[in-house]
Chemist: 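Okay, here's the structure, questions in a sec.
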Amino acid sequence: MAAPKVAVLFGFGINCDHETAAVFNLVGGDAERVHVNNFVSGNRSLEDFEILAVPGGFSFGDHLGSGRLMGNRMRFALREQLHAFVAAGKPIIGICNGFQVLVKTGLLPGPGAQTPLPDFVQRASLTLNDSGRYEDRWVTLEFDAESPCIWTKDIQRIDCPVRHGEGKFVMPSATDFDALAANNQLTVRYVDPSTPVGKGMTDQPLPFPLSPNGSMRNIAGICDATGLVFGLMPHPEAVYAKWLHPDHTRNSAPGPLTSEALGEWEGEGLQIFRNAVEYVLGNR
Amino acid sequence: MAVTRVEVTPKQGEGMRDVRGDVVRRQLMADHNIKVEEVRSINGFLIKSSINKSEIAERVNDLFSDPIIEDVLTDTLFLSSSEHFPTSPDAAITIGFKPGVTDNPGSAAFDGFKTIFPHHDHQIGASISTYHTYAFFGLPEEVTPEWLASTLHNNLIQRAVTADAAGCSNAQWPAIDYPEKPPQTLTPPQRMDLEISDEELLSLSETGLLALNLEEMQTIQAHYRDEAIRQSRAAVGIVADAPTDVELECLAQTWSEHCKHKIFASKIHHIDLETGEDSYVDSIFKTHIMKPTHDMQKEVDWLLSVFHDNSGVIAWNDDWSVCMKAETHNSPSALDPYGGAMTGIVGVNRDILGTGLGARPIANTDVFCFGPPNWEGDLPDNLFHPSRVFRGVHAGVRVGGNESGIPTVNGAIVFDDRYIGKPLVYCGTVGIMPRKLPDGRESHIKTPTAGDIVYMVGGRVGYDGIHGATFSSLELTEESPSSAVQIGDPITQKKMLDMVLEARDAGLISCITDNGAGGLSSSIGEMATYTDGCEIDLAKVPLKQPGLSAWEILVSESQERMTIAVKPEDCAAFDAMAQLHEVEATPVATFTNTGMFHVKYEDETVAYLSIEFLHDGVPQLQLESEWRTPTPELFTPETISLPEKAGHSNLLLRMLAQPNIASKESWVRQYDHEVIAQTVIKPFVGVERDGPGDAGVIAPIHGDPHGLVISCGIAPRYSDLDAGAMAAASIDEAVRNAVCAGINVDKMAGLDNFCWPDSIESVKTPDGKFKLAQLVRANRELERVCRAYRLPCVSGKDSMKNDYGTGEKKISIPPTLLYSVFGDQPDVRFTATSDFKNPGEKVYLVGVSKEELGASEISFMLRDSGEANGIGGQVPLLLHPEINITTYRALSTAIQSGLIQTAHDCSEGGVAVAAAEMCIGGRVGAEIDIDGTGNASVWSRLWGESLGRFLVGVQPENEAAFIKWMAGHPITMLGTVTDSENLTISDGYDVLIDVETTSMVEAWQKTLDMTGGVA
């Protein structure tokens, strides 16, 4: 079976495009870096791809708020293409700046479960970390096993770096969060690594640096009601191999014991990308 | 055209914070101990356009404000809104840019503006300018708005308006208007009469900021007296018997110390008053740097390109080559720490992009030298407090590196009082490129031919950055010009970078270089040497504002520009690529083979210089050098009384808190060090990821564990005793750091970056001969050590005027060599970090401790506190580097074979500090005995900084194999890692140090945590 075609956006200050393309290729995807303007101008069509990734970076320098200007370009220029993409059951991931872009286009969290397809209305935001600082540090993430998210199937807990200055997830009211929680869309949260696996998630704000940004309900990432669109602030692609984990010289970097991609050296982050590739193959 | 004001402020409410305001509040606390109850922030946009205000007001939530988190007002000041600001502030300050200064948020906003108002007519002449307003509540009475404003803005590039409590309560808000640029007047090219007296020649050089000496001015004068030259000039219609201002400026840039490295190229008469040596050095650069590297190039096959390109290139494997360059940006960083440092980092990124046919930047290094951040003494006029320089430089490098998507993997921060006069800001970048392009060309070789079209790509040319190269060739004064400062625009550069690398892979580039110092004059001028000629039309160069004169267009150092040569048949494809990426690319010149640097403005010739005269016409300097060993007061620690029991314990905590040793984590963590998903060893390591990393290790090809090591060494204070020893120590430290990560010592290369005070004897510099002798000694040691280590210097740079002021007020930096190493790491799965791994791990010293306490960190600490008289004594020496390298090879291969996973360089603070840092990284204790580590005194074995040493941890099951592996090399068993909570260091039966690990963590982390916390 032909490898699923993955469009990895780049241009205008996106800067994790190379590694994002590489991790899809490691798990059987056929990733191509495509400049945003190639979709905007019609040189290329999103229709030709089965997975869309919006990587991390500093699109437009994050001026006027992270992801906002890129979000606008997509909201105004790619509206129909994106709607059709999700309606066709194709997965989208936004990582870090890509998550910010998806939130600001309104793709995340998106409308409710009754009418789950994109309406491009912004309902949430990612704002400046409570610390006021951009930081690169490792955090521990735990995933909601009941989430409809197709990207996070069978993943419980991973270590991952965050690298952002605007990662605090906010929504206007508690009922907004409750609605997402009821549908298990609060897919991934920052947790205290000393808690037992599976018991880490809490709505009570964790102290810095367990929660690196003061995110409401410790949210690190969410999905839309279809489970196809997923965004998160941390960088799972940055731990595709155990040698990228800070504990690797201590012989205690976590991850699968063996994998086709990297033998005993596969890191914990790769499964997210494999899930999407397998999802596409399984739905052909 | 109307200006519409839009203001945005964070919503107030549960869980919402005004983070920008909080940052200001915390910094006032951290830097000045001023407690303010609350600071609120407002972002302002001044939109100049033909669209009416109501139309803009309808779309504000689509662009300027985020409706989830922000409130917005159109054409009303938030401060005047009692709904949003019910209490009147105690002070309010608005800060905006001065006219013509790069406003990145403004340009980004304008880009977004074009998305929501796509009609072209609306965009003509439109633009957006931004500002910030801060409102202070609960401000202590003694803090004035004027003082607050002075700490929050730099009046070189920004303007501030303030209101005090009375003003605020009377609605006299600090409003700022659109910064309209005053119209520039285009001055036609001028004839510069050089038939004047020597005195007038010098005065012309000085007032025109040409930075040329008398002999150089006379050389130019003589050139224009040549009859043949006059005739050829008349033939092209340019003034025949004198230079135009364009030519004089062009020569001044090209011949500047900054561009021509005249001191390194000079003929030096060197006298050593101690040995009686009386000799000549004909170019330090050729003798001590170039020759050794060229000799090594004959013996290895991996040195692809050295010295002549924008960075040095080595073959890394069959498919990829890697390159590295480091630059300094000292003078601009002194004037505008933020903008100066940012242009430093994005500038050196362009050096990588401009290497060969274009390399991709994949890692940054940043090394800073500052005055002490807690300085309480006087500050000379026009200089910022070191803490402000620190913050600004850090922010500039952080934004420049992070927004460009290049990880900062290695660096250092060094403190000394003398860097108050001139901070040193070293920025380095590593690049990678395929060995061969798809069209078969080797990517490290430029392939221009006459007839190629020369494009200027990226940013536009403005008034910013005029005279940067000549200015950095002068000492700082109170009147240093603001035009020498620019602010970088990383996103414009990132777009350009994406585009250029695609153009490279498509085979569209025949030659490429960066526009840095000297602007187009240098970039096109240097590339024109390949084909022996060029013809430029300055009228084609896109400008930021109309009215720039020809010479200004030619020498302006406006940022984010590359100069790229394209074959005529490839121009259409190149243009299309630029359009896709929204990058401005304009043909401005053609390569010729006429031998002439021919510059026109439309049809008029404004400069007509032979390539030969432009590049080789500068006369060689003749300089005097005289060495006498400095004899500062001796450091005699034996006279210091210490507590009887574990008497050095408190000294250890004090040493860990010394700025030069203390953790820089709170600063370094703000750099993205992991973008590109390749960083194996991060700047901070260990269980809590807060122990010191020795070197950066990256595995740049995804899925492949083949690695690269990047490290640095710097030891400026050794120059107080001997600049030669300083150079040797810097190189050795860089290599040791790399060895700790398992570098292949037989495939590594180095970069030498010299920052020196003025070394030419003159009225301004009466001790110039000595300073030049320091340079001679440093370079002699550089050659000796590099030859012994077989470590080629493949690129480098020098910055030779690092002084402030004159006479008694003069401050000269200590002569400083930053040595950077990059090289092969065979397999990153086998590397090492400094943290102790587990109780039971055995601790070994590799190397020997000698009686070498001169200029050590402990000597400076105890002299500064008054407990010791001086820092004099034996400076650490590298007597037998050819033996050291064999030990390094043994240790590095032990790491590569997986025998050792714990290794740490032993430098500032000696064995005691190294052991402490390893305990901090592992959050464990250790029992160490320094008995048997040599014959030196207790003080030397504990605190001394003898070169060639490491502390390593060995698992008990590997101990026998390790000892066997290291047979023939000096290793000493020191002790064991313990599960106790203390580090104890003894000398036989005498306990010297007994300190809890938690206390060490606290001491080490608190000094430089200037974040003000997170509350």
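Throughout, protein chains are lettered first and strands after them, A, B, ... in sequence-line order, and every chain is numbered starting at 1.
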Chemist: Should the heavy atoms of other residues, nucleotides or ligands under 6.0 Å from CZ of B:Arg20 be counted, would the total exceed 12?
Modeler: no
Chemist: Does the B:Lys682 side chain pair with the main chain of A:His245, one donor and one acceptor, at a distance under 3.5 Å?
Modeler: no
Chemist: Against chain A, work out which of B:Val23, B:Asn402, B:Asp111 has the most heavy-atom pairs shorter than 4.5 Å and name it.
Modeler: B:Asn402
Chemist: Quick check against the 3.5 Å criterion: does A:Arg163 have a side-chain atom that pairs as donor or acceptor with the backbone of B:Tyr671?
Modeler: no
Chemist: Report the option among A:His235, A:Met171, A:Lys168, A:Arg33 that has the most heavy-atom pairs separated by less than 4.5 Å from atoms of chain B.
Modeler: A:Lys168
Chemist: At a heavy-atom separation under 4.5 Å, does B:Glu70 approach chain A through its side chain, its backbone, both, or neither?
Modeler: neither
Chemist: Could you check B:Val675 against A:Cys16 for side chain to side chain contact (heavy atoms under 4.5 Å, CB included), going step by step and ending with a plain yes or no?
Modeler: CA-CA 7 Å; B:Val675 59; A:Cys16 299; 3.9 Å; yes
Chemist: Can you tell which part of B:Val687 gets under 4.5 Å to a heavy atom of chain A, answering side chain, backbone, both or neither?
Modeler: both
Chemist: Among A:Gly165, A:Pro161, A:Pro205, A:Gly65, who wins on heavy-atom pairs under 4.5 Å with chain B?
Modeler: A:Pro161
Chemist: Counting only heavy atoms from other residues, nucleotides and ligands, does the tally under 6.0 Å from CD of A:Glu260 exceed 12?
Modeler: no
Chemist: Based on non-hydrogen pairs under 4.5 Å, which of B:Asn104, B:Thr679, B:Thr831 is most in contact with chain A?
Modeler: B:Asn104
Chemist: Answer with side chain, backbone, both or neither: which region of A:Asn38 has an atom nearer than 4.5 Å to a non-hydrogen atom of chain B?
Modeler: both
Chemist: Below 4.5 Å from any heavy atom of chain A, which atoms of B:Ser404 appear? Answer side chain, backbone, both or neither.
Modeler: backbone
Chemist: Side chain from CB out, backbone as N, CA, C, O: work out which of these in B:Pro490 comes under 4.5 Å of a heavy atom of chain A, or both, or neither.
Modeler: neither
Chemist: Do A:Asp136 and B:Arg689 meet the salt-bridge criterion of a basic N to acidic O distance under 4.0 Å?
Modeler: no
Chemist: Below 4.5 Å from any heavy atom of chain B, which atoms of A:Leu244 appear? Answer side chain, backbone, both or neither.
Modeler: both
Chemist: Heavy-atom cut-off 4.5 Å, strictly under: side chain, backbone, both or neither for A:Arg137 against chain B?
Modeler: both
Chemist: Answer with side chain, backbone, both or neither: which region of B:Leu580 has an atom nearer than 4.5 Å to a non-hydrogen atom of chain A?
Modeler: both
Chemist: Given heavy-atom pairs under 4.5 angstrom as the criterion, report whether the side chain, backbone, both or neither of B:Asp704 touches chain A.
Modeler: backbone
Chemist: Measure B:Pro683 against the heavy atoms of chain A and call it side chain, backbone, both or neither at under 4.5 Å.
Modeler: neither
Chemist: Name the region of B:Thr492, side chain, backbone, both or neither, that has any atom closer than 4.5 Å to a heavy atom of chain A.
Modeler: neither
Chemist: With a 4.5 angstrom heavy-atom cut-off, is it the side chain or the backbone of A:Phe76 that approaches chain B, or both, or neither?
Modeler: side chain
Chemist: If I measure from the heavy atoms of chain A, does B:Leu63 come under 4.5 Å with its side chain, its backbone, both, or neither?
Modeler: both
Chemist: Can you tell me which portion of B:Phe836 sits under 4.5 Å from chain A's heavy atoms? Options are side chain, backbone, both or neither.
Modeler: backbone
Chemist: Where on A:Phe12 is there a heavy atom nearer than 4.5 Å to chain B: the side chain, the backbone, both, or neither?
Modeler: both
Chemist: What part of A:Lys242 gets closer than 4.5 Å to chain B, counting heavy atoms only: side chain, backbone, both or neither?
Modeler: neither
Chemist: Please look at B:Ala109 and chain A and tell me whether the side chain, the backbone, both or neither of the residue comes under 4.5 angstrom of a heavy atom of that chain.
Modeler: both
Chemist: Between B:Asn43 and chain A, with a heavy-atom cut-off of 4.5 Å, which part of the residue counts as in contact: side chain, backbone, both or neither?
Modeler: neither
Chemist: Taking side chain as everything from C-beta outward and backbone as N, CA, C, O, which of these in B:Gln493 sits under 4.5 Å from a heavy atom of chain A? Side chain, backbone, both or neither.
Modeler: neither
Chemist: Can B:Asp66 and A:Ser125 be said to form a side-chain hydrogen bond (donor to acceptor under 3.5 Å, both in side chains), step by step?
Modeler: CA-CA 8 Å; B:Asp66 179 334; A:Ser125 196; 2.4 Å; yes
Chemist: Do A:Arg73 and B:Glu582 sit within salt-bridge range, that is, some charged N less than 4.0 Å from a carboxylate O?
Modeler: yes
Chemist: Between A:Arg250 (side chain) and B:Lys837 (backbone), is there a donor-acceptor pair under 3.5 Å?
Modeler: yes
Chemist: Answer with side chain, backbone, both or neither: which region of A:Ala124 has an atom nearer than 4.5 Å to a non-hydrogen atom of chain B?
Modeler: backbone
Chemist: Indicate yes or no: at least one non-hydrogen side-chain atom of A:Tyr134 is less than 4.5 angstrom from one of B:Asp672.
Modeler: yes
Chemist: Taking the six-membered ring for Trp, are the ring centroids of B:His702 and A:His18 within less than 6.0 Å of each other?
Modeler: no
Chemist: Pick one of side chain, backbone, both or neither for B:Val685, based on which atoms fall under 4.5 Å of a heavy atom in chain A.
Modeler: neither
Chemist: Given that the side chain runs from C-beta out, which part of A:Arg75 has a heavy atom under 4.5 Å from chain B: side chain, backbone, both or neither?
Modeler: side chain
Chemist: So for A:Leu128, is it side chain, backbone, both, or neither that comes closer than 4.5 Å to the heavy atoms of chain B?
Modeler: both
